[in-house]
Undergrad: 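The structure's right below; bear with me while I get my questions together.
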There are 2 protein chains.
Amino acid sequence: MGEGNTYLCKACACSSVSVFKSLSNEEHELLSSKLKCNFYKKGDILYREGSRITGCYCVQKGVLKIYKTGIDEKPQIVAFARPGDITGYRSVLSNEVACTTVEALEDSEICFIPSEIIFALIKKNSDFALSLIQLTCKELNQANSYIKDIAQKTVKERLAETLIMLYETFNVDAEGYITINLTREDLSSIVGTATESVIRILSELKSEGLLELKGKKIKILDLKKMKLISDSIF
Amino acid sequence: MGEGNTYLCKACACSSVSVFKSLSNEEHELLSSKLKCNFYKKGDILYREGSRITGCYCVQKGVLKIYKTGIDEKPQIVAFARPGDITGYRSVLSNEVACTTVEALEDSEICFIPSEIIFALIKKNSDFALSLIQLTCKELNQANSYIKDIAQKTVKERLAETLIMLYETFNVDAEGYITINLTREDLSSIVGTATESVIRILSELKSEGLLELKGKKIKILDLKKMKLISDSIF
DNA sequence: CGGAACTTTGACACGTCTCAAATGCCGTGG
DNA sequence: CCACGGCATTTGAGACGTGTCAAAGTTCCG
């Protein structure tokens, strides 16, 4: 729960990336002057499902996992947030309690943007409003696709799909391993399966020569075949 | 594929319900003057996944099913649209090809709203923009919830959940049967399972005294118990 | 009235989950 | 620095849910 020092953040990633690109100079000023950055340690919770939040969060540095809590407290990861991404805007804009829990996967640096600013910008700048709409539309479409996949694909196909998504979202380190530190349990919370199934299928994919495993680290050896599996083409 | 007569629609449901409630009188005028209504027969396709659409659709009368096409052309229903609902706005706003196919479940009357109007209204009226954002946020949250459910619940639990959703969305007729005509296959395309499983579990729920079945028609006898099942509490 | 589409039932195979136990890894505190 | 305890990972065995295929029955609609 620690949140370290708060400092004013003049020119953080938030103002240069993502939905804020349509802001005028003046509006950027307004935004920057109101931002507060915080440090979060790995495992810290930014906010919990059901709590009321008073602004949204823009990732400067680090990675967040965003999940809903299901049966028996089992989490279902619905998204990640990387530098440049914002989260919490849904609850802010709909003026409802948070519908997900957000947790830092690594030590992170996060800007807080008070609700008023968001609303003011929407009122002032219709391009910004449009950007926000397009952002939510894109996420909505991804969510619908995932519903289709999770309903129709096998666990192996979904795991392949998830690994490809992680590969494309987080890139790889010098050795070719995907640059994100997820436990097997985290993986199962994305794929929507049991942890043991993830483990078994990972080693199956390894024995088929498609993956290399080193502890938690995963390297995709044959992206093409992985895509075939993910697309149920075998 | 028939689309019947087109007529100008001065004061249709679209202008009184849903996201358009924040429009000024003047804007209502503008909107109404540009609307074109069409009739669609049961089974008609409004547009297909992958096609480019030039406006969005507002349901006056009837019901639409909205689905994505998956493995082996198997459809996955992601939403319905009833009178007052609009569809297609996602693709319009993101300026992308349609990400779903939309089909009339009954004979329907649908207004077409050209893209320009939508964009003009967003530019002019920030409250309208905000309404649109809130609409997409709500749908996004529902989609995320459904991801969690489909990943964690059994078919029986999801079927119960689906029936409750249909009950709450479409109400019941004089005899208490849910007012929507879905085939067992449609049901399986919502729940994300095989048609035979739907059939088996429906009759299981019937034999448990929770449902009454008359052809395609379904009556919920014990809503409370259905909710318990849906919530995995037995 | 006839044919097509939809529904139902049964048998069977397979994927996936659960539970249990063994092993490995890592950080904490002595 | 090492030993300990706890947590994550791995493996196995068995049960159960669900999907598939096939065939018969039913309903719907032209």
Side-chain angles (χ1 to χ4, degrees), chain A residues 41-43 65 70-76 105-107 148-162 180-208 211-218 229 232 234, chain B residues 2 41-44 65 70-76 103 105-107 149-162 177 180-207 211-218 229 232 234:
Chain A
K41 291 192 79 72
K42 177 178 175 173
K65 75 172 173 187
I71 323 288
D72 293 331
E73 300 293 290
K74 195 176 177 196
Q76 176 68 38
L105 271 180
E106 333 170 335
D107 294 353
K148 182 198 67 189
D149 291 341
I150 214 166
Q152 299 193 355
K153 289 183 176 180
T154 64
V155 172
K156 187 173 183 180
E157 290 161 358
R158 274 181 279 149
L159 180 56
E161 178 182 16
T162 298
I180 185 175
N181 235 325
L182 294 177
T183 65
R184 302 286 130 116
E185 202 181 345
D186 282 332
L187 270 178
S188 76
S189 298
I190 309 172
V191 174
T193 187
T195 308
E196 296 95 325
S197 296
V198 166
I199 290 167
R200 270 185 255 270
I201 296 172
L202 277 179
S203 66
E204 189 183 326
L205 289 168
K206 179 185 169 186
S207 73
E208 291 171 15
L211 292 183
E212 213 168 291
L213 305 173
K214 193 164 84 177
K216 289 194 209 311
K217 293 276 175 193
I218 299 174
I229 290 177
S232 335
F234 288 19
Chain B
K41 291 191 80 73
K42 176 177 177 173
D44 282 353
K65 76 171 171 186
I71 322 288
D72 295 330
E73 301 293 288
K74 196 177 175 193
Q76 176 69 38
E103 176 185 332
L105 270 179
E106 332 170 336
D107 294 353
D149 291 341
I150 214 166
Q152 300 193 354
K153 290 183 176 180
T154 65
V155 172
K156 186 172 182 180
E157 290 161 358
R158 274 182 278 147
L159 180 56
E161 179 181 15
T162 298
Y177 289 93
I180 185 177
N181 234 326
L182 294 177
T183 64
R184 301 287 129 114
E185 201 181 346
D186 283 332
L187 270 178
S188 77
S189 298
I190 309 172
V191 175
T193 187
T195 308
E196 296 93 326
S197 295
V198 166
I199 290 167
R200 269 184 256 271
I201 296 172
L202 277 180
S203 67
E204 190 182 327
L205 288 168
K206 179 184 168 184
S207 74
L211 293 184
E212 213 168 291
L213 304 173
K214 195 164 85 178
K216 290 195 206 312
K217 293 277 176 192
I218 299 173
I229 290 177
S232 332
F234 291 18

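Labels below follow one simple rule: chain letters A, B, ... track the order of the sequence lines, proteins then strands, and each chain is numbered from 1.
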Undergrad: Please indicate whether B:Lys206 has more than 12 foreign heavy atoms, meaning atoms of other residues, nucleotides or ligands, lying under 6.0 Å from its NZ.
TA: no

Undergrad: Nearest-Å distance, NZ (B:Lys217) to C1' (C:dT7)?
TA: 17 Å

Undergrad: Would you give a per-nucleotide map of nucleotides 6-24 of chain D, 5' to 3', where B means the base has a protein non-hydrogen atom under 4.0 Å away, S means only the sugar-phosphate does, and - means neither?
TA: --SSBBBB----SSBBB--

Undergrad: Return the minimal non-hydrogen interatomic distance between B:Ile180 and B:Lys217, and the atom names on each side.
TA: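 That closest heavy-atom pairing would be N-NZ, 4.4 Å.
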
Undergrad: Would you tabulate the pairs of protein nitrogen or oxygen atoms and nucleotide nitrogen or oxygen atoms of nucleotides 1-3 of chain C closer than 3.5 angstrom?
TA:
none

Undergrad: Between B:Ser188 and B:Thr195, which heavy-atom pair has the shortest distance, and what is it?
TA: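 Smallest interatomic distance, heavy atoms only, reads OG-OG1, 3.6 Å.
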
Undergrad: In Å and rounded to the nearest 0.5 Å, what is the CD1 to CZ distance from A:Ile218 to A:Arg184?
TA: 5.0 Å

Undergrad: What is the distance from atom NZ of A:Lys153 to atom CG of A:Leu159, rounded to the nearest 0.5 Å?
TA: 11.5 Å

Undergrad: Please name the residue in the list B:Asn181, B:Asp186, B:Leu187 that meets the side-chain contact (heavy atoms from CB on, under 4.5 Å) test with B:Thr183.
TA: B:Asp186

Undergrad: Between B:Gly192 and B:Gln76, which heavy-atom pair has the shortest distance, and what is it?
TA: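 Heavy-atom minimum between the residues: CA-OE1, 4.0 Å.
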
Undergrad: Just how far is it from atom CD of A:Glu185 to atom CD of A:Glu196, taken to the nearest 0.5 Å?
TA: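 Between A:Glu185 CD and A:Glu196 CD, I get 10.0 Å after rounding to 0.5 Å.
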
Undergrad: Polar pairs (N or O, both sides) under 3.5 Å between protein and nucleotides 25-28 of chain C?
TA:
none

Undergrad: For the CG atom of B:Leu205 and the CD atom of B:Glu212, what is their distance to the nearest 0.5 Å?
TA: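 Atom-to-atom, B:Leu205:CG and B:Glu212:CD are 13.5 Å apart.
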
Undergrad: What heavy-atom pair brings B:Asp44 and B:Lys41 nearest, and what distance separates the two atoms?
TA: OD2-N, 2.7 Å

